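Only one structure is covered here, and it is reproduced in the block below.
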Amino acid sequence: MIHYIHELVWGPWLLILFLGIGIIYTVKTGFFQIRKLTFWWKQTIGSIQEDEDGDKGDVTRFQTACTALAATIGTGNIVGVATALTAGGPGAIFWMWVSAAIGMMTGYAETMLGIRYRYRDQNGAWICGPMVYLERGLKLPVLGMIYSFLCIMVSLGMGSMVQSNSIADTLNYSFQVPTALAGILLTGLVLFVVLGGISRIAFVSERLIPLASGIYMLFSMVVIMSCYDKIPYIFHVIFQDAFRPVSVFSGAAGFGISKSLQYGISRGVFSNEAGLGSMAVLHGAAENTTPEKQGMWAMFEVFFDTIIICTMTAFVILCMSEGDAGGSGYDGAALTAYSFSRRLGGLGEYVVSGSMLVFAFATIIAWYYLGKQAAGYLAESLKKRGRFYLMQRVLRGKIYTFLYLCAVFVGCLAKLETVWEFSDIWNGLMAVPNIVALIFLMKEVIVPE
């Protein structure tokens with residue numbers, strides 16, 4: 001029954017919604033992501049030094065971007081790309097690029113709306129995300145509450161249990177660390193980070209994501225450049241294969257499902273989460289910014305996640321398999337590790353394992369903040385209506401933190417096939433109210449000229 005519901009939720013209709021809203025915003029803004037590439041690049045990466053020279057007590061634009069990248073760059077960048085290649089051939093990569101280009105404008109729109117409608121709570125912290133613009137922009141507070149509930153469920157499933165299970169499995173397989181010990185260590189480390197609030201989460205993300213991504217990119221380039229003579233051939237097979245029907249389907253899916261194909265169990269979540277609304281929540285803490293500037297940071301994240309990281313993974317696999325990823329007999333993380341090890345030996349396996357550990361941990365701490373924001377909003381909404389007092393107590397304060405840490409620990413020990421599909425269902429349902437808001441608030445989304 002769970003599997004049947006999963007197939008219904010993540011059917012073609014949802015993929016059409018994701019791609020459709022991205023295409024509409026791309027056309028509406030005159031292909032802003034392509035036409036103004038140099039402009040938004042200067043406003044994001046080009047402005048890092050200016051950003052860091054601001055008030056040291058603030059959460060900077062770059063820190064919120066790193067936190068958002070922490071949630072989006074996950075084990076799926078390693079696993080999902082490999083699965084897309086084996087399912088649809090090298091042409092799948094072309095459609096990943098197309099889907100990413102479209103998704104950049106979706107990320108821009110939802111982040112811009114989030115910053116525009118955000119507000120401070122009674123403690124002075126920013127409340128931001130789809131639930132806010134569903135309530136204050138679309139005037140549908142019930143939809144905002146539904147989104148918050150679904151976001152909490154995703155944080156306890158996909159954000160914590162699934163990621164911690166990946167970490168425990170990797171530590172056990174590569175370094176022979178018992179899963180119980182891995183659970184204790186990981187839960188303690190997560191506790192240390194999240195108790196520091198958004199400032200510490202942003203600080204850790206700012207240090208962790210650039211370093212981990214840089215190391216992964218470095219070793220990827222070593223592998224790719226070691227067989228540079230194959231690169232023209234790889235481009236040839238990508239474009240030659242791109243218009244076969246199976247490649248079109250798998251490429252769109254590969255972009256869309258790279259996060260939920262971890263270990264090849266599930267499919268359906270957009271690797272950069274454009275359309276889910278999570279980026280709007282994660283960018284909400286940025287100070288000294290504008291909706292347009294923060295929207296361009298969201299565009300950069302989609303670009304970096306898919307066009308850079310996913311493409312490098314794909315080229316490593318295709319170079320090492322002579323353009324035939326499916327012929328190796330491997331899939332998912334095993335295929336990526338196999339491809340690295342063919343050129344780097346045992347070091348290749350550690351590169352993949354280490355990357356999965358860091359990316360999964362970064363996802364856990366970022367999704368804690370996502371769930372915490374959603375829980376706080378839902379508790380406040382219930383309080384206004386004078387309902388479900390017990391649920392208000394559960395959602396507030398340290399109880400949510402306790403539940404999240406329990407989910408992290410249990411995830412290290414559990415077999416999560418069913419949890420994967422449940423999490424996938426919540427993820428898909430979470431996108432629906434967000435896309436509804438993006439459709440009806442379209443007139444409010446503008447780009448700088």
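Residues: numbered from 1 along the sequence shown. None of the values given here were measured: they were computed from a predicted structure.
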So, is the end of the Arg200 side chain (NZ or CZ) under 6.0 Å from the ring centre of Phe192 and within 45° of the ring's axis?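 Yes, Arg200 lies over the aromatic ring of Phe192.
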
Using side-chain heavy atoms (C-beta onward) and a distance below 4.5 Å, is [X] in contact with [Y]?
X: Ile224; Y: Val316; result: yes
X: Phe315; Y: Thr311; result: yes
X: Ile364; Y: Ser164; result: yes
X: Tyr108; Y: Trp40; result: no
X: Phe304; Y: Ile309; result: yes
X: Leu318; Y: Ile238; result: yes
X: Ile365; Y: Tyr369; result: no

Decide whether [X] and [Y] meet the rule of one side-chain donor and one side-chain acceptor closer than 3.5 Å.
X: Gln294; Y: Thr111; answer: no
X: Tyr400; Y: Ser155; answer: yes
X: Glu110; Y: His283; answer: no
X: Glu287; Y: Trp126; answer: yes
X: Thr313; Y: Tyr216; answer: yes

Do you know which two heavy atoms are closest between [X] and [Y], and how far apart they sit?
X: Pro210; Y: Ser205; answer: CD-O, 3.5 Å
X: Phe361; Y: Ile167; answer: N-CD1, 3.7 Å
X: Ala100; Y: Val302; answer: O-CG1, 3.5 Å
X: Ile23; Y: Ile102; answer: N-CG2, 3.3 Å
X: Ala431; Y: Leu276; answer: CB-CD2, 3.6 Å
X: Leu370; Y: Ser278; answer: CD2-O, 3.5 Å

Got more than 12 heavy atoms from elsewhere within 6.0 Å of CZ, Phe402?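 No, CZ of Phe402 has 12 or fewer neighbouring heavy atoms, counting only those of other groups under 6.0 Å.
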
Tell me, yes or no, whether the heavy-atom count around Phe39 atom CZ, taken from other residues, nucleotides or ligands under 6.0 Å, exceeds 12.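 Above 12, so yes.
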
Are Phe94 and Phe239 close enough, and set up right, to give a ring-ring contact (aromatic ring centres under 6.0 Å, His included), and what steps lead you there? CA-CA 7 Å; Phe94 172 80; Phe239 286 102; 5.6 Å; yes

Is the backbone N or O of [Y] less than 3.5 Å from a side-chain atom of [X], with the two atoms forming a donor-acceptor pair by type?
X: Ser226; Y: Val223; value: yes
X: Gln33; Y: Ala101; value: yes
X: Arg343; Y: Gly348; value: no

Which residues share a salt bridge (charged side-chain N to carboxylate O under 4.0 Å, His left out) with Arg207, sequence neighbours left out: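 Salt bridge (charged side-chain N to carboxylate O under 4.0 Å, His left out) list for Arg207, sorted by chain: empty.
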
Could you pull out all residues at least two apart from Thr187 that satisfy side-chain hydrogen bond (donor to acceptor under 3.5 Å, both in side chains)?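 side-chain hydrogen bond (donor to acceptor under 3.5 Å, both in side chains) check on Thr187 returns nothing, list empty.
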
Between [atom1] of [X] and [atom2] of [Y], what distance do you get to the nearest 0.5 Å?
X: Leu344; Y: Met320; atom1: CG; atom2: CE; result: 8.5 Å
X: Tyr350; Y: Phe340; atom1: OH; atom2: CZ; result: 16.0 Å
X: Gln373; Y: Ile152; atom1: CD; atom2: CD1; result: 11.0 Å
X: Cys406; Y: Met161; atom1: SG; atom2: CE; result: 10.5 Å
X: Asn434; Y: Tyr147; atom1: CG; atom2: OH; result: 5.5 Å
X: Ile399; Y: Leu403; atom1: CD1; atom2: CG; result: 7.5 Å

Check: Tyr404 ring centre within less than 6.0 Å of Trp367 ring centre: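 Here the rings of Trp367 and Tyr404 have centres that are no less than 6.0 Å from each other.
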
Go through the steps for Tyr338 and Ser321 under the test side-chain hydrogen bond (donor to acceptor under 3.5 Å, both in side chains), then give the verdict. CA-CA 10 Å; Tyr338 168 75; Ser321 63; over 6 Å; no

Qualifying residue for side-chain contact (heavy atoms from CB on, under 4.5 Å) with Met299, from Met104, Lys36, Met279, Gln43: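 Testing Met299 for a side-chain contact (heavy atoms from CB on, under 4.5 Å) against Met104, Lys36, Met279, Gln43 leaves exactly one candidate, Met104.
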
Pair listing, salt bridge (charged side-chain N to carboxylate O under 4.0 Å, His left out) test, anchored in residues 310-323, at least two apart: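 Sorted result for residues 310-323: Lys230-Glu322.
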
Please determine whether side-chain contact (heavy atoms from CB on, under 4.5 Å) holds for the pair Val193 and Phe203, giving the CA-CA distance in whole Å, both sets of side-chain angles, and the decisive distance to 0.1 Å. CA-CA 9 Å; Val193 174; Phe203 176 82; over 6 Å; no

